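To keep things clear, I will list the structure first and then write my remarks on it.
Just so it is clear, the model here is predicted, and its values are computed rather than measured.
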Amino acid sequence: MGDFASQGRTVLCRSCHRPLRQNRRWFPQQYCNRWHKVRHRVASFVGSVLDSA
């Protein structure tokens with residue numbers, strides 16, 4: 001079970017596409033920091049509002 005942590009899996013930040021090391025197994029990180037998360041959510045909200053208009 002400890003094999004997952006030793007693999008050093010990386011994914012890209014959903015906002016800036018910077019590589020992130022995944023140390024957590026069940027809830028992997030998706031963003032570098034919380035401001036990137038806020039920025040991505042605001043951008044997707046604005047995009048959906050503009051698409052619906």
Could I get the full list of side chain to side chain contact (heavy atoms under 4.5 Å, CB included) partners for Gln29, not counting sequence neighbours? Leu20, Gln22, Arg24
Nearest heavy-atom neighbours spanning His17 and Leu12: O-CD2, 3.5 Å
Considering only residues two or more places apart or on different chains, which pairs with a residue in residues 28-53 satisfy ring pair (Phe, Tyr, Trp, His ring centres under 6.0 Å)? Tyr31-His40
